[in-house]
Amino acid sequence: VQLQASGGGLVQPGGSLRLSCQPSGRTFSYGAMGWFRQEPGKEREFVSAVRRRDSAKYYGDAVKGRFTISRDSAKNTVYLQMNSLKPEDTAVYYCAASLSQGIITSSIWTENSYDHWGQGTQVTVSS
């Protein structure tokens, strides 16, 4: 495991959580860092990512306008601020990082473009 994710938990609908992801052990220079999520029995879904070279940010349609990704380049850490959470946001959230400095936009959305993964953190939205 090269990345360590934290910040998940149980929150009521409409609430907020902030996820963090930082390197575990050796530090690499990542071309992009981001988040995917997975519900039981479903495929992993792209949530958000930020590209290093131009700080471009990308969001999945399901979270656009509610989630905000940010990155601390000095710490090689990425954050996901999740607001207005809904029950359908319930999933295991995985942070991911790409070693490709030249990662292109069409690859940002694809989990195969990411080389390192965190262990996952559970987010449960329920009343």
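Along the sequence shown, the residues carry numbers beginning at 1. The figures that follow rest on heavy atoms only: side chains count, while hydrogens, waters and symmetry mates do not.
Between Phe67 and Tyr93, the angle of the ring planes lies from 30° to 60°, which puts this pair in the tilted group. By the 30° and 60° cut-offs, the orientation of the rings of Phe36 relative to Phe46 is perpendicular.
The number of heavy-atom neighbours closer than 6.0 Å to NZ of Lys42, taken from other residues, nucleotides and ligands shown, is 12 or below. Heavy atoms from other residues, nucleotides or ligands lying under 6.0 Å from CD of Glu88 number more than 12.
Here the CD-CD distance, from Gln38 to Glu45, works out to 10.0 Å after rounding to the nearest 0.5 Å. For the atom pair OG1 (Thr121) and CD (Gln4), the distance works out to 9.5 Å, reported to the nearest 0.5 Å. Atom CD of Gln22 sits about 6.5 Å away from atom OG of Ser6, to the nearest 0.5 Å. In this structure, the separation between CD on Gln119 and SG on Cys21 is 8.5 Å, given to the nearest 0.5 Å.
Clustering ILVMFWY residues whenever any of their side-chain heavy atoms sit less than 4.5 angstrom apart, transitively, puts Leu99 in the very cluster that holds Val78.
Looking only at distances, no side-chain donor or acceptor of Arg51 sits under 3.5 Å from a matching main-chain atom of Ala56. At least one donor-acceptor pair under 3.5 Å links the side chain of Ser48 to the backbone N or O of Tyr58. Arg53 contributes a side-chain N or O that, together with a main-chain N or O of Ile103, makes up a donor-acceptor pair within less than 3.5 Å. Judged by distance alone, with hydrogens and angles left aside, the side-chain atoms of Thr110 form no donor-acceptor pair with the main-chain N or O of Asn112 at under 3.5 Å. Side-chain atoms of Glu111 do not come within 3.5 Å of backbone N or O of Ala96 as any donor-acceptor pair. Under a 3.5 Å cut-off, the side chain of Lys57 and the backbone N or O of Ile69 do form a donor-acceptor pair. Looking at Ser113, its side chain does come within 3.5 Å of a backbone N or O of Ser107 through a donor-acceptor pair.
Taking every heavy atom of both residues into account, Ser127 and Pro13 meet most closely at N-CD, 3.7 Å. Residues Ser84 and Ser16 approach most closely at N-OG, 4.4 Å, considering heavy atoms. Minimum interatomic distance between Gly8 and Val123 (heavy atoms only, all atoms of both residues): CA-CG2, 4.1 Å. Taking every heavy atom of both residues into account, Tyr59 and Lys64 meet most closely at O-CE, 3.7 Å.
Using a 4.5 Å cut-off on side-chain heavy atoms (C-beta onward), Met82 and Trp35 make no contact. Side-chain atoms of Arg52 and Ser29, non-hydrogen and from C-beta on, do get closer than 4.5 Å to each other. Side-chain contact between Asn76 and Met33 is present, with at least one heavy-atom pair separated by less than 4.5 Å. Looking only at side-chain heavy atoms (C-beta outward), Ser70 and Gln81 stay at 4.5 Å or farther from each other.
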Criterion side-chain contact (heavy atoms from CB on, under 4.5 Å) on Thr90 and Glu39, from CA distance to verdict: CA-CA 7 Å; Thr90 296; Glu39 299 174 62; over 6 Å; no
Asp72 vs Tyr79, side-chain contact (heavy atoms from CB on, under 4.5 Å): CA-CA, chis, key distance, verdict: CA-CA 8 Å; Asp72 185 333; Tyr79 305 95; 4.1 Å; yes
Residue pair Tyr114, Ile108: steps toward the side-chain contact (heavy atoms from CB on, under 4.5 Å) verdict: CA-CA 8 Å; Tyr114 295 84; Ile108 286 280; 3.8 Å; yes
Val63 and Leu80: CA distance, side-chain angles, deciding distance, side-chain contact (heavy atoms from CB on, under 4.5 Å) verdict: CA-CA 11 Å; Val63 308; Leu80 186 68; over 6 Å; no
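Residues Asp89 and Lys86 are not paired through a salt bridge, judged by the lack of any N-O separation under 4.0 Å between the basic side chain and the carboxylate.
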